[in-house]
Each structure stands twice: as structure tokens, then as C-alpha cells.
Amino acid sequence: MTSTSAETRPFRPADLGTLVVMAWSGEAPDGDMPYLLAYTLGDGQSGPEGSTAAVADLLTSLGLSIGEKVVDGAAHPSLPVTLLVEAGQAVVTMPQLNAQCPAPPEWLAAVDRRGFAYLLFATRPWPEARPGTPVEPEALAAFAGDTETLTSAAHVLLPARSLRD
């Protein structure tokens, strides 16, 4: 009789490569929706495929499903992913790492009105969208709205907190 054991690899942030978070707002039937897109550049130690696997492992370890199911963070207070909005910045924190980005005024207004942001955490690398380089709205829409991106990502409604909360 043989048995196999599931190998648990320790989490190593370097496997993710460069992690980027981007904030934008988009039209929705009931007013602007504040979105956050988290993605890797695919430049981890094992290349794009390794970065994809590392992001998928991270999301799974956080209890997030990959696919089109939306997790409501307000209904899961123990969710280990949080959003802090302060001084014009959006800060996404999870065990062992955090990422922040400047938030445009319209995003800040939308998150203030709604009390949450929609996080799309992509497993698919986007090496063309480098930090500090402007992203054209068409390129953002093409990546974030692509079926491959959407079906291989985690979708989370993250309650927005501030230091005043």
C-alpha cells in the first residue's frame, strides 16, 4: 500500500514577483463602483507560471475561491484580507504582505459612499502594467474584463476602514 502526502510549500513573497494594486472607479447602475485590481507582473523567481501558481496558492490559503464567485468580506469578519483607506491611499493587507496605491478622488468618493471596494485579485500576470507607468483605460478594461482574467481571479467585496474607525 502506498500513500501520498500533500506537500505544503512555505509561502515566499518572492515567488509572487512584483505585486501591484491599482484603484479605479467604474459606472454601475446604482452609481460609481470603487474597484481594486491586484496582480503580479509575473517576474517571480519561477517566471510567469510560477507567479500564477504562487498567487493561486496565496488566495487559496486565505480562504478565497478562484472563479467568478464574489466573497462579501462584511459577511466574513474573519477574512484575513483588509482594506484601509487613508490619506488618499488604498492599502490592502493580508498575512505576510500588503500593497498600497494612490486612489483617485472619484474612487475615494465611491468607496466613501458605498463603504467597500470590489477587489479583483488576478492570478494572471499583467507584465505590461508596470508601477509608475500610466495605464490607458482601454488597456485596463481589456485586462480586467477579459474572461481569462475574471475566471482565474478571486473576487472580494472588501469593507473599507480608516484610522478613524
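Every value quoted in this text rests on a predicted model; they were computed, and no experiment measured them. Count residues from 1 along the sequence.
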Q | Test log, rule side chain to side chain contact (heavy atoms under 4.5 Å, CB included), inputs Val21 and Cys101 | A | CA-CA 6 Å; Val21 174; Cys101 67; 3.8 Å; yes
Q. Do any pairs count as a side chain to side chain donor-acceptor pair (under 3.5 Å) and have a residue in residues 136-147, sequence neighbours left out, and if so which ones?
A.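 Matches after skipping sequence neighbours: Arg124-Asp146.
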Which value, rounded to the nearest 0.5 Å, describes the distance between [X] atom [atom1] and [Y] atom [atom2]?
{"X": "Leu41", "Y": "Glu128", "atom1": "CG", "atom2": "CD", "result": "9.5 Å"}
{"X": "Leu58", "Y": "Leu19", "atom1": "CG", "atom2": "CG", "result": "8.0 Å"}
{"X": "Leu62", "Y": "Gln96", "atom1": "CG", "atom2": "CD", "result": "9.5 Å"}

Judged by atom type as modelled, is there a donor-acceptor pair below 3.5 Å linking the side chain of [X] to the main-chain atoms of [Y]?
{"X": "Tyr39", "Y": "Ala144", "value": "no"}
{"X": "His155", "Y": "Ser65", "value": "no"}
{"X": "Asp43", "Y": "Thr18", "value": "yes"}

Would you say [X] and [Y] make side-chain contact, with heavy atoms under 4.5 Å?
{"X": "Phe143", "Y": "Val135", "answer": "no"}
{"X": "Thr52", "Y": "Pro125", "answer": "yes"}
{"X": "Met22", "Y": "Tyr35", "answer": "no"}
{"X": "Val81", "Y": "Val92", "answer": "yes"}
{"X": "Asp112", "Y": "Trp107", "answer": "no"}
{"X": "Phe116", "Y": "Arg161", "answer": "no"}
{"X": "Thr93", "Y": "Leu83", "answer": "no"}
{"X": "Glu86", "Y": "Ser162", "answer": "yes"}

**Q.** Within 6.0 angstrom of Glu27 CD, more than 12 heavy atoms from elsewhere
**A.**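 No, because the 6.0 Å sphere around CD of Glu27 holds 12 heavy atoms or fewer from other groups.
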What about [X] and [Y], same hydrophobic cluster or not, with Ile/Leu/Val/Met/Phe/Trp/Tyr joined at side-chain heavy-atom distances under 4.5 Å?
{"X": "Leu140", "Y": "Leu119", "answer": "no"}
{"X": "Ile66", "Y": "Trp126", "answer": "no"}
{"X": "Leu37", "Y": "Val85", "answer": "no"}
{"X": "Leu36", "Y": "Val156", "answer": "yes"}
{"X": "Leu16", "Y": "Met94", "answer": "yes"}

Q. Does the pair Asp30/Arg114 count as a salt bridge with the N-to-O cut at 4.0 Å?
A.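 Looking at Arg114 together with Asp30, the answer is yes, because their closest N to O distance falls below 4.0 Å.
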**Q.** Pairs touching residues 64-74 that satisfy salt bridge (Lys or Arg N to Asp or Glu O under 4.0 Å), sequence neighbours left out
**A.**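 Residue pairs passing salt bridge (Lys or Arg N to Asp or Glu O under 4.0 Å), neighbours aside: none found.
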